[in-house]
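See structure below.
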Amino acid sequence: MVAALVADSLVTGKYVGAAGELSAQWTRYERLQQEATDAELVALTHHTNGVIRCYAFRALATAQPANAFSLLLAHLHDTAQVKILSGCIGGREYVGDYFVGALKLRYSDTDGDPFRARQQQILDSVLVHDPSIVLSARYGAITRLPPTAVNYQTIRNLVVQERSEPALELLARYRRPADKQLIASFFAAEATQYAALQAVHHYPDLYFYPFVKAVFAQEWADDHYDYQKWKYCYQALAHYPNPTVLGLFEQTVRCPDAYRREYLSPLLWLAIARTPAPLWTTVRAHIQLSPDELAKAQAELQASN
């Protein structure tokens with residue numbers, strides 16, 4: 001059975017393909033789950049093949065989630081990649097990330113269960129404080145850090161020592177003048193400007209205004225469109241209601257390039273809807289969105305509130 005799981009070389013859900021056919025690999029997993037003892041499953045979580053490690057852990061997590069937690073902690077450095085297929089959606093995932101998902105340690109799963117909530121706290125703490133862990137789960141753990149006084153130094157250290165982008169957004173929420181230069185340093189490289197713009201949305205100090213304007217000019221001169229960067233550039237600029245920014249917004253809605261105007265207008269609409277100001281009234285009146293674009297923008301606005 002183990003050899004057959006290895007030969008297939010996939011970690012699948014129960015159903016695969018556009019037609020939702022029962023996965024033969026999943027059937028093999030169910031046999032493993034039924035026939036292997038707990039001791040055998042524990043041993044298989046250390047198998048040389050990542051597919052076997054994933055399925056063995058999934059079986060343990062399903063039957064004995066409390067006992068599986070210590071195994072999860074021991075595999076947070078497991079960066080072997082496995083091919084994943086669920087339905088018609090495929091990809092690659094670190095084995096360690098698969099372990100985290102298999103145990104379903106998410107906040108939505110911890111409601112009313114103090115033991116599992118405590119496991120989530122322990123896991124998040126380990127992920128946040130160990131920079132050698134490269135799992136995607138670490139990103140999520142950092143974003144879940146509440147920006148409290150107790151967590152300030154941890155969050156700032158993540159920004160200073162690791163240039164952590166999710167931590168930068170959290171740091172901005174403290175709105176401490178001593179952090180302005182550090183936050184602004186993320187504008188220096190195009191790759192981190194998106195994170196800097198997100199931070200300014202949470203800390204719209206005038207100190208950052210020249211940096212945000214510079215990003216607008218840079219992106220306007222570029223024929224390629226970075227959706228997320230444009231989205232947060234407009235949202236950052238909307239915090240600075242002045243004639244210069246009004247001119248940039250009017251430049252958008254009056255742009256003779258129809259593709260650019262239609263691409264950017266929903267992002268501008270969302271920005272001034274999230275951060276309204278009397279100065280934006282005329283601009284908003286000139287933004288023309290299709291019914292579908294307007295519905296999508298309104299849904300995103302509602303989700304962000």
Side-chain angles (χ1 to χ4, degrees), residues 1-110 113 115-116 119-144 166:
M1 187 193 327
V2 169
L5 285 165
V6 171
D8 196 293
S9 73
L10 279 174
V11 178
T12 75
K14 188 170 184 178
Y15 301 103
V16 296
E21 298 176 356
L22 179 65
S23 165
Q25 187 78 325
W26 182 267
T27 301
R28 297 183 193 106
Y29 157 67
E30 289 184 325
R31 282 188 57 201
L32 177 72
Q33 187 180 27
Q34 293 164 7
E35 298 176 12
T37 66
D38 288 348
E40 288 171 334
L41 290 172
V42 169
L44 288 173
T45 63
H46 301 285
H47 194 277
T48 56
N49 184 272
V51 171
I52 300 302
R53 295 201 296 278
C54 287
Y55 276 132
F57 183 80
R58 183 176 187 127
L60 286 167
T62 301
Q64 298 188 36
N67 295 335
F69 185 66
S70 60
L71 283 170
L72 168 62
L73 295 179
H75 283 81
L76 293 178
H77 290 89
D78 192 336
T79 54
Q81 290 193 340
V82 291
K83 295 179 182 178
I84 304 291
L85 181 62
S86 180
C88 56
I89 306 299
R92 289 182 174 271
E93 188 172 19
Y94 289 134
V95 170
D97 277 317
Y98 186 88
F99 277 32
V100 173
L103 202 51
K104 296 183 178 179
L105 290 172
R106 301 183 180 91
Y107 277 118
S108 59
D109 296 324
T110 61
D113 189 339
F115 180 71
R116 293 188 69 180
Q119 285 185 339
Q120 182 73 66
Q121 292 171 357
I122 293 170
L123 175 61
D124 280 358
S125 180
V126 173
L127 289 169
V128 166
H129 292 95
D130 187 346
S132 67
I133 296 174
V134 298
L135 304 181
S136 297
R138 186 168 189 255
Y139 183 99
I142 292 173
T143 61
R144 285 192 293 271

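Positions are given from 1, in the same order as the sequence printed here.
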Rounded to the nearest 0.5 angstrom, the CG-NE2 distance for Asp97 and His75 is 13.5 Å
Are any non-hydrogen side-chain atoms of Val11 and Glu93 less than 4.5 angstrom apart?
-> no
Work out which heavy atom in Leu71 is nearest to a heavy atom in Phe57; give both atom names and the distance.
-> CB-CE1, 3.9 Å
Arg53 side-chain N/O to Leu44 backbone N/O, donor-acceptor pair under 3.5 Å = no
Taking side chain as C-beta onward, heavy atoms only, is Val6 less than 4.5 Å from Ile52?
-> yes
To the nearest 0.5 Å, tell me how far Arg138 CZ sits from His129 NE2.
-> 9.5 Å
Mind checking whether Phe99 and Val95 have side chains closer than 4.5 Å, heavy atoms only?
-> yes
Can you name the nearest heavy-atom pair linking Lys83 to Ser9, along with the distance?
-> CB-O, 4.1 Å
Shortest non-hydrogen contact from Ala61 toward Ala68 | CA-CB, 3.9 Å
Could you tell me whether Leu22 atom CG has more than 12 heavy atoms of other residues or ligands within 6.0 Å of it?
-> yes
Closest approach of Leu72 and Gly96, non-hydrogen atoms and distance?
-> CD1-O, 4.4 Å
Counting only heavy atoms not in Gln81, do more than 12 sit closer than 6.0 Å to its CD atom?
-> yes
Take Leu76 and Asp130 through the side-chain contact (heavy atoms from CB on, under 4.5 Å) test and state the conclusion after the steps.
-> CA-CA 10 Å; Leu76 293 178; Asp130 187 346; over 6 Å; no
Compare all side-chain heavy atoms of Tyr55 with those of Thr12 and state whether any distance is below 4.5 angstrom.
-> yes
So do the side chains of Val51 and Leu10 get within less than 4.5 Å of each other, counting heavy atoms only?
-> no
Shortest non-hydrogen separation from Val134 to Tyr94 and the atoms involved | O-CE1, 3.7 Å
Are side-chain heavy atoms of Asn49 and Leu5 found at a separation under 4.5 Å?
-> no
Test side chain to side chain donor-acceptor pair (under 3.5 Å) on Gln25 and Arg28 and set out the steps.
-> CA-CA 5 Å; Gln25 187 78 325; Arg28 297 183 193 106; 2.7 Å; yes
Does Ile133 reach the side chain of His77, with side-chain heavy atoms less than 4.5 Å apart?
-> yes
Hey, are the side chains of Leu41 and Leu32 touching, using non-hydrogen atoms and a 4.5 Å cut-off?
-> yes
Under 3.5 Å, side chain of Arg92 to main-chain N/O of Ile84, donor-acceptor pair present?
-> no
Hey, what do you get for CZ (Arg144) to OH (Tyr139), rounding to the nearest 0.5 Å?
-> 12.0 Å
Taking it one step at a time, do Tyr98 and Arg58 satisfy side chain to side chain donor-acceptor pair (under 3.5 Å)?
-> CA-CA 9 Å; Tyr98 186 88; Arg58 183 176 187 127; 3.0 Å; yes
What pair of heavy atoms forms the shortest contact from Ser23 to Val16, and how long is it?
-> CB-CG1, 3.9 Å
When rounded to the nearest 0.5 angstrom, what distance separates CD in Glu40 from CD in Glu35?
-> 10.0 Å
Would a distance-only check, ignoring hydrogens and angles, find a side-chain to backbone donor-acceptor pair under 3.5 Å from Thr45 to Val42?
-> yes
Any donor-acceptor N/O pair, Asp124 side chain to Ala141 backbone, under 3.5 Å | no
